[in-house]
Structure formats: C-alpha cells, structure tokens
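Input: a single structure, listed below in structure tokens.
The residues of the chain are indexed from 1 along the displayed sequence. Order of appearance sets the numbers: ligands from 1, and atoms from 1 within every ligand.
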Amino acid sequence: MDQLSSTETLSLAAITLASGTVLWNAVREGEPLISSIAMSGLAFTSAFCLIRWLGSVFMRAGLKGKDMSKPKKLEIPETMGAVCAVVYLITMILFVPLPFYYDIVAATSGGGNKDVVLELERIETGRLLHKFPHSKLGLYLSGILSLQSVVILGIGDDLFDIRWRHKLFIPAIAAIPILVVYSVDFGVTQVVVPRPLQQYLGQLVDLGWLYYAYMAAIAIFCPNSINILAGINGIEVSQSIVIAVLIVINDSLYLLPGSEYPHPATDSHLFSIFFLLPFIGVSLALWWHNWYPARVFVGDTYCYFAGMVFAIVGILGHFSKTLLLLFIPQIFNFLYSAPQLFHLIPCPRHRLPRYNARTNQLEPSVTLWERPPSKVIAILLKLMSRIRLVKIEYNSKGDIVETSNLTILNLWLVWFGPMKEDRLAIGILVMQVLVGVGGLFIRHRLALWIFQQDNRAYSILP
Ligand code: UD1
Ligand code: MG
C-alpha cells in the first residue's frame, strides 16, 4: 500500500521535472505567477508521495479511522490533511522571495537597489512603511500565520476529538492576524447599499466593528461548514477543489489580457491566486487517495485548513460576498443541520449516511427518538416531512420514533433513493458546480440590478 507503482513513479517524475524546469526559468525571468503554477506542480508531487509513504506511519501513531460505508469496515490512515497542510505551508514560505523580492531589496538599505536613498526623517516618522508595498508581505505572512494556527487546531482535534462547542470558535482566534492586517492595511468597513435601499441609507454604510465581527464569522463558518459536509469518500476534498477552482476562475476575470489594468482589485486577486494554486496542488494529491474507495481519510485538519484558505482569500481579497455565493451548498447544509447542531433535535456522534451491506448502497441515517419529541418539534418535523425535507417513521401509536439526520447527504438520499457512495458524491458535486457557476453569474451579471456597478468595471473603494 505504501509503495508507488511504476506508472505513478514515472508520471510523478515527469511532472516534477517539467515543473522544476518551468520554475527555474520563471524565477530567472521574474514571473511570480508562472513560478506559483510550477511550485503548485511540485507541491502536488511532494504531497502525493508523502501521503503514500506516511500512511502506515500515521496508522502506527494511532491516526486511523474505520471506513464505515464498506462491507469490511477496514481501518485506514486519517489526518492526511496534515501532510497536505505542511507541504502547502512549506511551498508558501519558499514562495515568499519571489513576488516580494523587488520590494524587500528596495526597502532595505543594504540591498541591491542602492539608488534608493531615503531621508532619515521619513524613516523615523514611519512613512517608509507606506512607501513600499511591504503591506502585501504583511498580508501574506498574516495569512500563513492564521493557517498555521488552524492546522494546529485541526491536528489537536484529530488527536483528541475536541468538543464541538469548543472548537467552533477557535478559528476566530486564528483569524486575528488577518483581521489586524486588514484593519491596518485597508480599514474599509463600509459596504455598498443595494440600489432599492439607497434612498434610505445612502450609497455606502459604515458597519464599523460589526464588519470585523462579520469577517470573524466567515472565518468560523468556512472551516466548520466543510467539516459538517463530510462522511462519504472524497466529499471534503472534492468540494474544496470545486470552491478553489471557482475562485481562481473568478480571480482570472480580473487578470486576463484585455481586462482593465491597473485595476484596483488586480492585486487582491493575484494574491488570492497565489494562495489557491498550491492549495489545489496538494488537494489533488489528497483527492487521488481519498476518492471512493478511499485509501486515506482527510481528517478534520484538512477541513479546517481548506476552510481557512478560503476565509483568508475572501477577507484579504475583499470578496467575502462572492465567497459566500460559492458556499451556498455549505450554507444550506449548515442551516439545515442547525436544529441538530444546537441540540433541538438529538445529534448522534456520526450523521453520515447508513451503509446497507446487503445492497452495497447508502441510505439516509436516522436519529432514534427514545422519547417522542415535544409538540412544537413534532409539528415542525411533520411540516418538514410534508415538503420532503425529512423522512419520519412512526410507531403504532402514531408517535415519531425515527427521523432522518439533517444533512444534505441524507436529504439527497431521501429525495433520490438509496445509491452507491461514489454516485452520491458525484451528485452532490455536480449540484455544487451548477450552484457555484450560477453564483458567479449572479455576481457579475445580475448584481448590476441591485448594485450600481460590478467592481470588475469600476472600484467603489477610495
Ligand atoms: C462530522 C459530522 C458527523 C460526520 C463526520 C464524518 C456533524 C456535526 N458532524 O463530525 O456527523 O459523521 O463529520 O466525517 O455534522 N468517515 C467514513 N467515511 C468517510 C469519511 C469519514 O467512514 O468518507 C468516518 C471515519 O470513521 C472517520 C470519521 O468518519 O474516522 C471521521 O469523523 P470526524 O471527522 O472525526 O467527525 P467530525 O468532524 O467530528
Ligand atoms: Mg471531520
């Protein structure tokens, strides 16, 4: 299991060689975007090999889990997201000198650009900091710091199973570095008011500290929402790859030849691409091993890591609303799960679909009601069941004894009937791609109905 096959070795060697050559030339020619693509290729091959080689090491250390939807509930390595996260962080750190090289050299007196002479007075009054885009390096490093914190949380969770009420808020602390840099660098806490409301509120509304609370909420939401849309092979990584690719497509709209330049949002979107390309690289390596039938599990580490990458690019790239459009399935899953998450309805430790060994298919998993639910809950559940949002079993007295667990994976099975694990994953992913592309379409076309302009054409920021 731990060895690479000869085809894999050859393919990986070819990708490594090609990426290495491209990287060598791109660094010499000072092309950070091409360098980033090449480094993502190297991140892919490194993560691929490490995931394969470290599987048994992780198992020995106790990082393993039972694949519950298989006839033989075999144990396989868990927490492989930690391998991805480490490869990703190393790639991001090695990348630092490439886009910032010029700025660093120009800003330090001993560097190569000795022509830049700065008056002592200006250095003392701190204006030097504004003179050079060090702030971008600040953004970048704050992103790495936030990611490191959240990866530690993830590994802690995979090792010790931290309780939900505790781990829910930890990403907010991990987000403090990016929020501080956001405040120093942009400090923009105004939002554009949709057209119909402008006559009452004006064109912009300043949300002040509420805006920071909103961004902290995004940092809490993204990691946790990926972690609860989980439980079948491949779903955590695939949904993250879909979101990442859609954000990269959105970013490219600002960078393609022919788009307005210099556009105020260009830097933010380039920044986002620098964070996402290596993420896609390591995620594809994990996907290869985690897709049905899974050879490894991603662990909570991956879910937190992936969610935080999205939160960082959304917050620092000023496109948190667009980001939320790409999270519509996760938002729905969260709202739908809320009664169980907040214990209005009992929440078993696992809500993943139930495996039926006889048919080799997945069925909706259920919550058993030892005592019938209260009247209000019973009425709500019956209403939901009428619009096919939940499946209910009654006993002979007409009391509710069983309800399907409230996740979109189970809901999909309620709607479309039992199916194989990979078909369920593909169905959810196709839905996610359609919703995501629709979200982007709304963002760039229909948004003009309610907002004055698309920021691709014109920036509202001062
Ligand atoms: C979250 C969900 C839980 C779901 C679990 C599955 C909530 C509140 N929590 O909990 O309902 O059951 O994720 O990941 O919604 N597993 C499989 N096949 C897979 C993936 C996971 O069998 O494809 C099982 C394995 O036994 C694995 C375990 O799920 O060891 C991982 O669960 P964990 O990530 O620790 O669960 P939570 O994130 O706490
Ligand atoms: Mg999990």
Side-chain angles (χ1 to χ4, degrees), residues 55 58-59 62-82 85 150-151 153-168 170-171 220-240 286-287 289-308 329-357 362 364-367 404-411 413 420-426 428-429:
F58 273 54
M59 298 263 292
L63 294 168
K64 55 190 172 184
K66 271 200 190 109
D67 196 345
M68 312 227 229
S69 310
K70 300 291 177 299
K72 291 187 195 130
K73 298 191 179 1
L74 287 183
E75 284 193 326
I76 56 177
E78 180 121 30
T79 322
M80 278 300 157
V150 92
V151 168
L153 159 70
I155 295 177
D157 190 22
D158 279 328
L159 280 171
F160 309 117
D161 243 339
I162 303 175
R163 310 189 85 154
W164 269 87
R165 60 171 173 271
H166 297 141
K167 68 187 179 190
L168 201 62
I170 299 180
I220 294 177
F221 175 76
C222 293
N224 284 298
S225 69
I226 293 179
N227 192 23
I228 61 171
L229 183 39
I232 58 169
N233 291 179
I235 200 74
E236 297 98 323
V237 204
S238 312
Q239 66 182 300
S240 307
L286 185 57
W287 181 88
H289 294 89
N290 181 241
W291 185 254
Y292 178 89
R295 286 190 274 179
V296 304
F297 284 138
V298 303
D300 289 343
T301 314
Y302 180 80
C303 303
Y304 292 132
F305 159 60
M308 202 62 183
Q330 287 76 9
I331 294 174
F332 178 82
N333 189 49
F334 170 75
L335 294 175
Y336 183 55
S337 295
Q340 285 196 301
L341 296 181
F342 299 111
H343 292 286
L344 297 172
I345 292 178
C347 184
R349 168 69 184 86
H350 279 292
R351 302 190 298 159
L352 47 86
R354 180 172 58 187
Y355 176 68
N356 183 335
L362 296 183
S365 64
V366 294
T367 301
S404 58
N405 281 317
L406 304 178
T407 70
I408 54 172
L409 298 180
N410 289 313
L411 185 60
L413 296 169
K420 267 188 71 186
E421 192 172 358
D422 52 345
R423 275 224 19 229
L424 174 58
I426 292 170
I428 295 284
L429 291 170

Close-contact set for ligand 1 against [X] heavy atoms, below 4.0 Å:
| X | result |
| --- | --- |
| D67 | 18 (N), 22 (O) |
| G231 | 6 (C), 14 (O), 17 (C), 18 (N), 19 (C), 20 (C), 23 (O) |
| M68 | 22 (O), 26 (O) |
| L341 | 8 (C) |
| A230 | 14 (O) |
| G65 | 30 (O) |

For [atom], which protein heavy atom lies nearest, and how many Å away is it?
| atom | answer |
| --- | --- |
| atom 26 (O) of ligand 1 | K66 O, 2.6 Å |
| atom 9 (N) of ligand 1 | W164 CZ2, 3.8 Å |
| atom 35 (O) of ligand 1 | R349 NH2, 3.1 Å |
| atom 13 (O) of ligand 1 | N227 O, 3.6 Å |
| atom 32 (O) of ligand 1 | H350 CE1, 3.4 Å |
| atom 24 (C) of ligand 1 | L352 CD2, 3.8 Å |

Salt bridge (Lys or Arg N to Asp or Glu O under 4.0 Å) for E75 and K64? Distances and angles first, verdict last.
CA-CA 6 Å; E75 284 193 326; K64 55 190 172 184; 3.8 Å; yes

Do [X] and [Y] have side-chain N/O donor and acceptor atoms under 3.5 Å apart?
| X | Y | value |
| --- | --- | --- |
| S337 | R351 | yes |
| W287 | S238 | yes |
| N405 | S365 | yes |

Would you say [X]'s side chain and [Y]'s backbone share a donor-acceptor pair under 3.5 angstrom?
| X | Y | result |
| --- | --- | --- |
| T407 | N410 | yes |
| N227 | D300 | no |
| Q239 | L229 | yes |
| N290 | V296 | yes |

With D157 as reference, evaluate K167, H166, R163 under the side chain to side chain donor-acceptor pair (under 3.5 Å) test and give the passing residue.
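Exactly one option meets the side chain to side chain donor-acceptor pair (under 3.5 Å) with D157, and it is K167.
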
Assess whether side-chain contact (heavy atoms from CB on, under 4.5 Å) is satisfied between L153 and I162, documenting all intermediate values.
CA-CA 9 Å; L153 159 70; I162 303 175; 4.0 Å; yes

Hey, what do you get for CG (L409) to CG (L362), rounding to the nearest 0.5 Å?
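L409 CG to L362 CG: 9.0 Å, rounded to 0.5 Å.
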
Gap between atom CG of N233 and atom CD of E421 - 0.5 Å precision
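Those atoms lie 4.0 Å apart.
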
Kindly indicate whether the side chain of F297, heavy atoms from C-beta on, has any atom under 4.5 Å from the side chain of E236.
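No; the side chains remain at least 4.5 Å from each other.
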
Please tell me if the side chains of H350 and M68 come closer than 4.5 Å, counting only heavy atoms from C-beta onward.
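Result yes, sub-4.5 Å side-chain heavy-atom pair found.
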
Count the heavy atoms of every other residue, nucleotide or ligand shown that sit under 6.0 Å from NZ of K73, and state whether that count exceeds 12.
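Yes, the 6.0 Å shell around NZ holds more than 12 heavy atoms from other groups.
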
Which option, [options], owns the non-hydrogen atom nearest [atom]?
| atom | options | value |
| --- | --- | --- |
| atom 17 (C) of ligand 1 | W291, Y355, F297 | F297 |
| atom 7 (C) of ligand 1 | T301, I228, L406 | I228 |
| atom 23 (O) of ligand 1 | I226, L229, N233 | N233 |

Before signing off on this row, confirm whether R351 and ligand 1 have an N or O atom pair separated by under 3.5 Å.
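R351 vs ligand 1: N/O contact under 3.5 Å present.
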
Hey, is [X] touching ligand 1 through its side chain, its backbone, both or neither, going by heavy atoms under 4.0 Å?
| X | value |
| --- | --- |
| D300 | side chain |
| K167 | side chain |
| E78 | side chain |

Sphere of radius 2.8 Å around the Mg ion (ligand 2) - protein N, O or S atoms inside
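Near the Mg ion (ligand 2), the protein supplies N227 OD1, D300 OD1.
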
Is it true that K64 lies under 4.0 Å from ligand 1, counting heavy atoms only?
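No.
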
Can you tell me how the ring of F305 sits relative to the ring of Y302, calling it parallel under 30°, perpendicular over 60° and tilted otherwise?
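It falls in the perpendicular class, over 60°.
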
